[in-house]
There are 2 protein chains.
Amino acid sequence: MSESGDAVTDRLTEVFDLVGPLYRRAQRKVELDAPIEGLSVGVRAVLNMLREHGPMTVPQMGRDQALSRQFVQRMTNDAAARGLVEFVPNPAHRRSSLIRLTEAGQAAITAVFDRERAMLRQIGGDLTEAEIAACLRVLSRLLSHLDDVDVD
Amino acid sequence: MSESGDAVTDRLTEVFDLVGPLYRRAQRKVELDAPIEGLSVGVRAVLNMLREHGPMTVPQMGRDQALSRQFVQRMTNDAAARGLVEFVPNPAHRRSSLIRLTEAGQAAITAVFDRERAMLRQIGGDLTEAEIAACLRVLSRLLSHLDDVDVD
DNA sequence: CGGAAGATGACACCTTGGTTGTCATGAGTG
DNA sequence: CACTCATGACAACCAAGGTGTCATCTTCCG
């Protein structure tokens with residue numbers, strides 16, 4: 001499979017090169033819409049993690065998103081200061097409390113999420129589920145193999 | 001296709017959410033290796049564009065990578081100061097010269113590229129060309145639909 | 001041909017995503 | 001009990017990337 005391996009490698013570099021522009025444009029899009037709720041990109045990321053995983057601790061979130069613990073901490077504190085999340089006692093660790101969405105936080109992230117979802121629905125158009133599944137598989141693979149580069 | 005449309009949308013948000021971590025980890029990886037050649041992420045991006053598209057102008061590169069003209073300009077000047085690129089007269093615009101890789105620039109970006117390629121080859125493993133093609137299609141689609149958010 | 005509108009480059013400033021380092025405290029463990 | 005490790009707070013720092021302004025050069029249209 002050395003030839004097909006090379007072809008695959010070539011295509012993979014293309015994928016790689018698409019991620020940068022995509023990330024920047026997406027971020028710009030997010031922060032273009034976000035002012036409505038007043039969420040920074042970082043806060044949005046925290047709220048979104050809590051939305052899908054339920055309450056979790058700061059270090060957990062950092063690992064999950066490949067972000068430094070300290071950065072997540074700041075964003076979390078920021079979100080807490082705005083009343084979007086609250087600290088609830090963690091049965092497993094007294095010191096490290098669980099972070100949970102408040103009503104306001106839930107509302108804010110839901111609004112953002114729905115807006116983004118509407119946009120994606122338009123884009124989705126003629127893409128098939130199979131294609132997207134393949135895409136997910138490829139990206140996950142890339143991600144997991146870059147994991148060894150860890151932070152904090 | 002309203003149900004499948006929704007499912008597609010759901011999966012698309014997953015794709016969306018993978019891009020962030022991927023970008024960060026990739027960037028960390030790049031700047032972990034880059035010191036060898038002394039390239040910043042921005043300079044690397046410029047050299048890479050020149051490597052695949054051949055000589056081009058600064059504004060062209062900015063549009064291509066969804067980066068502001070000014071940022072690309074700075075990176076280009078930086079690269080020129082290090083002797084990695086040179087300005088050649090542009091037949092089409094007297095003022096806006098074409099940027100071209102020098103020998104040194106060619107060597108540097110090739111070294112980086114080969115190193116990254118070797119890494120991707122390992123990762124590629126059991127991914128099929130079809131999967132990667134699908135992935136490319138999905139990402140391109142996302143990218144092109146975010147294009148309306150322009151900069152500068 | 002002439003002048004207005006647009007594209008390019010230079011320069012300076014700024015925002016902010018994200019990391020690193022240090023320290024104190026609390027938690028798990030031999 | 002002592003030791004190590006994880007967490008949180010605080011501060012400093014870095015770099016990616018954008019914005020704003022101005023002068024010069026193109027282009028295009030009357």
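All values below come from the heavy atoms of this structure, side chains included, with hydrogens, waters and symmetry mates left out. Per chain, numbering begins at 1; letters A, B, ... match sequence-line order.
Taking the side chain of A:S68 as heavy atoms from C-beta on, and the options C:dT19, C:dG9, C:dG18, the nearest nucleotide is C:dT19. Considering only side-chain atoms of A:Q70, the nucleotide from D:dG17, D:dG18, C:dT22 that sits closest is C:dT22. Looking at the side chain of B:Q73, the nearest of the listed nucleotides C:dG9, D:dG8, D:dA16 is C:dG9. When distances are taken from the side chain of A:Q27 to each of C:dG9, D:dG8, C:dG17, the shortest belongs to C:dG17.
Take the nearest nucleotide of DNA chain D for B:A92 and for A:R24: the residue whose nucleotide is more 5' is A:R24. Mapping A:M75 and A:S96 onto DNA chain C by nearest heavy atom places A:M75 closer to the 5' end of the strand. Positionally, the nearest nucleotide of DNA chain C for B:S97 lies more toward the 5' end than for the other of B:S97 and A:V72.
Between A:N77 and D:dG8 there is no side-chain polar atom (N or O) within less than 4.0 angstrom of OP1 or OP2. At D:dG18, one or more side-chain N or O atoms of A:R28 fall inside 4.0 Å of OP1 or OP2 (strictly under the cut-off). B:Y23 has no side-chain polar atom (N or O) that falls below the 4.0 Å cut-off from OP1 or OP2 of C:dG18.
Atom CZ of A:R69 and atom P of D:dA9 are 10 Å apart (whole Å). Rounded to an integer number of Å, the gap from NE2 of B:H93 to P of D:dT26 is 10 Å. D:dG18 atom P lies 6 Å from atom CG of B:L67, rounded to whole Å. Between the CG atom of A:N90 and the P atom of D:dA6 there is a distance of 16 Å, rounded to whole Å. If you measure from atom CZ of B:R63 to atom C1' of C:dG6, you get 12 Å, rounded to the nearest angstrom. Rounded to a whole Å, the CZ atom of B:F71 is 17 Å from the C1' atom of C:dG9. If you take CE of A:M61 and P of C:dG18, they are 15 Å apart, rounded to a whole angstrom. Atom CZ in A:R74 sits about 10 Å away from atom P in C:dG18, given to the nearest Å.
No side-chain N or O of B:R74 forms a donor-acceptor pair with one of B:N77 less than 3.5 Å apart.
Between the side chain of A:R82 and the backbone N or O of A:G105, no donor-acceptor pair lies under 3.5 Å. The main-chain N or O of B:G62 is never found under 3.5 Å from a side-chain atom of B:Q65 such that the two would form a donor-acceptor pair. A distance-only check finds a donor-acceptor pair linking the side chain of A:T102 to the backbone of A:L84 [under 3.5 Å]. One N or O on the side chain of A:N90 and one on the backbone of A:S96 form a donor-acceptor pair closer than 3.5 Å. Between the side chain of B:E131 and the backbone N or O of B:T128 there is at least one donor-acceptor pair closer than 3.5 Å.
In this structure the side chain of A:E52 reaches within 4.5 angstrom of the side chain of B:D17, judged on heavy atoms.
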From CA spacing to verdict: salt bridge (Lys or Arg N to Asp or Glu O under 4.0 Å), A:E116, A:R44: CA-CA 12 Å; A:E116 292 173 7; A:R44 192 208 87 106; 2.7 Å; yes
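Residues from residues 78-86 of chain B placing a heavy atom under 4.0 Å of any atom in DNA chain C do not occur.
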